[in-house]
Peer 1: 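Below you'll find the structure I mean.
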Amino acid sequence: MNSLDPRCGRGYTMVELVMVIILASILAAVALPKLDVATNIRDDIWRDGLLSGVRFAQKSAVSHRRLVCVTVADTQVSLQIASANPATSCDTDLVGPSGAGVFARSGNGGTKTTVSPTGVIYFQPDGRVTTDGAGATVASRTLTITGVASAISIVGETGYAE
């Protein structure tokens with residue numbers, strides 16, 4: 001028969017279509033849980049980057065004897081240091097591992113990061129965490145990330161982050 005003959009059947013049989021649907025559903029059942037695991041890994045990496053940024057800020061405040069300010073957004077953490085001591089505000093970026101002013105970024109755009117109590121985290125030259133640049137009120141902080149089971153706690157009196 002000629003392939004241009006209108007009597008020649010074209011297309012797939014019902015058995016072929018059912019087999020493709022079955023194979024696609026098996027692949028989807030296996031692949032989709034792995035995508036969820038990849039998202040959780042990105043959230044854990046963001047938590048580790050955030051924790052290392054906070055620890056770096058505390059160590060920098062003590063070693064430089066300067067005020068260090070930590071600003072936490074949903075998907076990034078930025079560090080700044082005061083250019084002089086004493087100071088009540090930070091005016092110079094502390095460069096992160098990538099060479100940019102942002103110390104760490106989340107790989108998951110849907111990440112929600114909250115600081116409690118809210119606001120900038122001020123590390124004083126002695127390592128304490130305060131609610132203002134002047135260092136009047138010592139306060140512990142908690143950083144919570146959606147999708148991550150363990151929060152980051154910062155002890156106000158010592159600046160220790162865990």
Peer 1: To the nearest 0.5 Å, how far apart are CZ in Arg66 and CD in Gln124?
Peer 2: 13.0 Å
Peer 1: Minimum heavy-atom separation for Glu157 to Arg128, with atom names?
Peer 2: O-CG, 3.3 Å
Peer 1: Find the distance between CH2 (Trp46) and CZ (Arg105) and round it off to the nearest 0.5 Å.
Peer 2: 9.5 Å
Peer 1: Atom CG in Leu79, atom SG in Cys69: separation rounded to 0.5 Å?
Peer 2: 9.5 Å
Peer 1: Name all residues meeting the side chain to side chain donor-acceptor pair (under 3.5 Å) criterion together with Asp93; count only those two or more places apart in sequence or in a different chain, and write none if there are none.
Peer 2: Gln80
Peer 1: Would you give the length of the straight line joining atom CG of Leu50 to atom OG1 of Thr111, rounded to the nearest 0.5 angstrom?
Peer 2: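 Going from the CG atom of Leu50 to the OG1 atom of Thr111 covers 10.5 Å.
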Peer 1: Do side-chain atoms of Gln58 reach the backbone of Thr158 as a donor and acceptor pair under 3.5 angstrom?
Peer 2: yes
Peer 1: Find out whether Thr144 and Thr114 are in side-chain contact, i.e. whether some heavy atom of one side chain is under 4.5 Å from a heavy atom of the other.
Peer 2: yes
Peer 1: Over all heavy atoms of both residues, which pair between Thr130 and Gly135 is shortest? Give the atoms and the distance, please.
Peer 2: CG2-CA, 3.6 Å
Peer 1: If you define the side chain from C-beta out and look only at heavy atoms, does anything of Val77 sit under 4.5 Å from Val70?
Peer 2: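 Val77 reaches Val70 side chain to side chain.
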Peer 1: Under 3.5 Å, side chain of Glu16 to main-chain N/O of Thr13, donor-acceptor pair present?
Peer 2: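 Such a contact is found between Glu16 side chain and Thr13 backbone.
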Peer 1: Tell me whether Asn108 contacts the main-chain N or O of Arg42 through its side chain, where contact means a donor paired with an acceptor under 3.5 Å.
Peer 2: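 It does not hold such a pair.
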Peer 1: Between the side chain of Arg141 and the main-chain N/O of Pro117, is any donor-acceptor distance below 3.5 Å?
Peer 2: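 Between the backbone of Pro117 and the side chain of Arg141 there is a qualifying donor-acceptor contact (under 3.5 Å).
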Peer 1: Would the distance check show the side chain of Ser140 and the main-chain N or O of Gly156 forming a donor-acceptor pair, the cut-off being under 3.5 Å?
Peer 2: yes
Peer 1: Do you reckon Leu51 sits in the same ILVMFWY cluster as Val129, going by side-chain contacts under 4.5 Å, direct or chained?
Peer 2: yes
Peer 1: Would you check if Leu23 and Ile21 make a side-chain contact, meaning some heavy-atom pair closer than 4.5 Å?
Peer 2: no
Peer 1: Which atoms form the tightest heavy-atom contact between Val68 and Ile81, and what is the distance?
Peer 2: CG2-CG1, 3.9 Å
Peer 1: List in chain and number order the residues that pass ring-ring contact (aromatic ring centres under 6.0 Å, His included) with Phe123, two or more places apart in sequence or in another chain; answer none if no residue qualifies.
Peer 2: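 Residues passing ring-ring contact (aromatic ring centres under 6.0 Å, His included) with Phe123: none at all.
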Peer 1: Kindly give the heavy-atom pair with the smallest separation between Thr92 and Ser83, and that separation in Å.
Peer 2: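 That closest heavy-atom pairing would be OG1-CB, 4.0 Å.
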Peer 1: Could you check if a side-chain atom of Ser78 sits within less than 4.5 angstrom of a side-chain atom of Phe103, using non-hydrogen atoms only?
Peer 2: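 Counting from C-beta outward, Ser78 and Phe103 never come under 4.5 Å.
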Peer 1: Count I, L, V, M, F, W, Y as connected when their side-chain heavy atoms are under 4.5 Å apart, and connections chain through other members. Are Val72 and Tyr122 then in the same cluster?
Peer 2: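 No, because Val72 and Tyr122 fall into different hydrophobic clusters, even though each may have its own neighbours under 4.5 Å.
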Peer 1: Determine, using the 4.5 Å side-chain heavy-atom cutoff (strictly less than), whether Val115 and Ile152 are members of one ILVMFWY cluster.
Peer 2: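 Yes: a chain of side-chain contacts under 4.5 Å links Val115 to Ile152.
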Peer 1: Taking Asp91 for its side chain and Ala82 for its backbone only, find out whether a donor-acceptor pair lies under 3.5 Å.
Peer 2: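 Between the backbone of Ala82 and the side chain of Asp91 there is no qualifying donor-acceptor contact (under 3.5 Å).
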Peer 1: I need the Ile145 CD1 to Ser106 OG distance, nearest 0.5 Å.
Peer 2: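 The OG atom of Ser106 is 8.0 Å from CD1 of Ile145, to the nearest 0.5 Å.
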Peer 1: Shared ILVMFWY cluster between Tyr12 and Ile22, side chains joined below 4.5 angstrom?
Peer 2: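 No; tracing contacts between hydrophobic side chains, which count when under 4.5 Å, never links both residues.
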Peer 1: Do Asp132 and Thr88 make a side-chain contact, defined as non-hydrogen atoms from C-beta onward lying under 4.5 Å apart?
Peer 2: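 The answer is no, as the side chains (C-beta and beyond) never meet within the 4.5 Å cut-off.
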Peer 1: Taking atom CD1 of Ile154 and atom OG of Ser116, what is their separation to the nearest 0.5 Å?
Peer 2: 11.0 Å
Peer 1: Which heavy atom of Thr142 sits nearest a heavy atom of Ala151, and at what distance?
Peer 2: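 The pair with the smallest heavy-atom distance is CG2-CB, 3.9 Å.
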Peer 1: Could you check whether any side-chain heavy atom of Leu143 comes within less than 4.5 Å of a side-chain heavy atom of Val54, counting everything from C-beta outward?
Peer 2: yes
Peer 1: Is the backbone N or O of Ser52 less than 3.5 Å from a side-chain atom of Asp48, with the two atoms forming a donor-acceptor pair by type?
Peer 2: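 A pair under 3.5 Å: no.
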Peer 1: So do Ser60 and His64 actually touch side chain to side chain, heavy atoms under 4.5 Å?
Peer 2: yes
Peer 1: Examine Tyr160 and Val62 and state if one hydrophobic cluster contains both, with Ile, Leu, Val, Met, Phe, Trp and Tyr joined whenever side-chain heavy atoms are less than 4.5 Å apart.
Peer 2: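 Cluster IDs for Tyr160 and Val62 differ.
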